[in-house]
Amino acid sequence: MQRENPRAGRSHGPRRRLAVVVTLSAAVFAAGGFATAKADPGGPGAGSTPTPVASPSEPPVTFTETPPTPTPDPSDTPSTPPPLGPIPKITSKDPIPMPLDPVMTSLSDIDLIDTASELKARDCMRTLGFTTWTTDAMSGPKDDEDSDLLDYLPLADATQSGYPTVLSEKAPDLGSSSESAPSADAVRAYAGAETTTASGAAVPAGGCLSEGERQLKGNAPELPIDPRFLAVEAKFSALRDDRMQPVLATWSSCMASRGFHYDNPVSAHLDPRWAQRAADTPAGAEEKAAAAADAACQAETNLVGTYKALEIAYQKQVLDQNQAQLTTALSIFNTWVSNAKSIIAAH
């Protein structure tokens, strides 16, 4: 499983683990049906009543960027669910081929594009007089792998380590008093929050952040459609599908028999008692017990197998509906990647 940082809304899709985690979890809770954990009296977790999940706070600086990629209106999504194909038996973390894979934008290429764009933004900042500006002055934690709403949870891993950590890196501290922290004037120039710097230099439209993207993307500043958006939509469609509900109910009953009350594995993984645990903090006994029960119940119900089959069905549906736009989007994205490689080589 995976809030948007100040660089949100980029047309090449999500890249930060923190961004993906909060974006998806907020959407899950907004969609309803994701219960806050409750422990049986006397059972595992007794005496520990979790607090509701707080709404993620907005970042302290709002960046003005180019408009986000146009994406399909959810209201345009056909109400007829796609046919369900074979349900795989999931017994490992090995990735399953997905229909959108051939047109998907890779995280490594997204990072390449971001790196090149930041190099151009740095050039822009230095022409404005901010000669110590670096490419990582405003960068946040990077996402190093794709995850899903429901990923396979090995029993051995759950028993020993609890749930995979959700927040593994910290976003940059924009309020730092360190001498190396960018000045407020510099941040405004980068973000496009001012048209002229304190020294009188004219700031390009949207700031140097947008200027860096323009230098990289040229005449194609946006994708006609974002395959990562479609993939996220498929995840939620699969989770809400009527054919998924009996499996979730069976999983929930299985968990209740072990002393844990959750509607689904997402709410178990995002239990406030451990959802904020850092990667370098070991899981406690209560989390390990819940995760082990979760893994066992998932295996008994082949819950991830049903979810994946539905996700495949919804991905195939959106691929069939948007094939031409997705092909064009991949071509544009590949041009950005080529431009990025040239920019990096020149620096």
Side-chain angles (χ1 to χ4, degrees), residues 1-2 12-21 23-25 27-28 82 84-113 141-158 160-166 168-169 225-239 241 243-244 247-248 251 264-266 268-270 279 291 294-320 322-323 326-327 329-330 333-334 337:
M1 287 179 302
Q2 317 240 247
H12 51 254
R15 61 163 284 185
R16 307 288 198 278
R17 184 178 307 282
L18 188 60
V20 177
V21 167
T23 298
L24 292 189
S25 61
V28 167
L84 183 63
I87 299 177
K89 181 70 174 178
I90 306 298
T91 58
S92 75
K93 289 184 174 181
D94 295 339
I96 297 176
M98 303 296 285
L100 286 174
D101 285 352
V103 294
M104 187 56 64
T105 54
S106 76
L107 288 174
S108 59
D109 283 342
I110 288 172
D111 282 336
L112 193 70
I113 290 169
K142 296 181 180 180
D143 197 3
D144 55 7
E145 64 180 13
D146 284 303
S147 297
D148 209 336
L149 288 175
L150 296 180
D151 276 324
Y152 176 74
L153 182 61
L155 180 58
D157 292 354
Q160 180 176 355
S161 306
Y163 286 104
T165 52
V166 174
S168 59
E169 298 182 74
I225 196 168
D226 190 340
R228 287 186 169 272
F229 172 86
L230 296 180
V232 169
E233 286 293 294
K235 297 177 194 299
F236 285 106
S237 295
L239 203 60
D241 191 285
R243 293 163 290 186
M244 189 71 204
V247 185
L248 289 171
W251 174 91
N264 52 67
V266 179
H269 193 170
L270 297 181
D294 186 350
C297 290
Q298 287 192 36
E300 287 183 19
T301 60
N302 192 29
L303 182 143
V304 177
T306 302
Y307 168 74
K308 287 292 185 182
L310 286 164
E311 186 180 4
I312 288 170
Y314 280 102
Q315 279 206 14
K316 184 178 185 305
Q317 184 180 62
V318 296
L319 178 64
D320 291 344
N322 302 280
Q323 182 71 69
L326 284 165
T327 300
L330 185 61
F333 182 83
N334 287 338
V337 173

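For the single chain, residues carry numbers from 1 onward in sequence order.
In this structure, L248 CG and Y307 OH are separated by 10.5 Å, a value rounded to the nearest 0.5 Å. A distance of 10.5 Å separates CE of M244 from CG of L84, quoted to the nearest 0.5 Å. Note that the CG atom of N302 and the CD1 atom of I90 stand 6.5 Å from one another [nearest 0.5 Å]. Rounded to the nearest 0.5 Å, atoms CG (L319) and CG (L326) are 6.5 Å apart. Here the CD-CG distance, from Q298 to L303, works out to 5.5 Å after rounding to the nearest 0.5 Å. E233 CD to Y314 OH: the interatomic distance, rounded to the nearest 0.5 Å, is 11.5 Å.
Residues L153 and P265 form no side-chain contact, since every pair of their non-hydrogen atoms from C-beta on lies 4.5 Å or further apart. Using a 4.5 Å heavy-atom cutoff, the side chains of L239 and V266 are in contact. The closest side-chain heavy-atom distance from L149 to E311 is not below 4.5 Å. Looking at heavy atoms from C-beta onward, R228 lies in side-chain contact with I110 at the 4.5 angstrom threshold.
T306 and R243 share no donor-acceptor pair across their side chains, judged by distance under 3.5 Å alone.
Side-chain atoms of H269 never come within 3.5 Å of backbone atoms of L150 as a donor-acceptor pair (strictly under, hydrogens ignored). With hydrogens and angles disregarded, no donor-acceptor distance shorter than 3.5 Å links the side chain of D241 to the backbone of S237. With hydrogens and angles ignored, the 3.5 Å screen pairs no side-chain donor or acceptor of D320 with any backbone N or O of Q317. Of the possible donor and acceptor atoms, none in the side chain of D111 sits under 3.5 Å from a partner among the backbone N and O of S108. Judged by distance alone, the side chain of Q315 and the main-chain N or O of L100 form a donor-acceptor pair under 3.5 Å.
Among all heavy-atom pairs drawn from A279 and T165, the shortest one is CA-CG2, 3.6 Å. A309 and P86 make their closest contact through CB-O, 3.7 Å (heavy atoms, listed as atom of the first residue, atom of the second, distance). Here the shortest heavy-atom pairing between A268 and W251 reads CB-CH2, 4.2 Å. Smallest separation of non-hydrogen atoms from L155 and A295: CA-CB, 3.7 Å. Minimum interatomic distance between I312 and P97 (heavy atoms only, all atoms of both residues): CD1-O, 4.3 Å.
The number of heavy-atom neighbours closer than 6.0 Å to CD of Q160, taken from other residues, nucleotides and ligands shown, is 12 or below.
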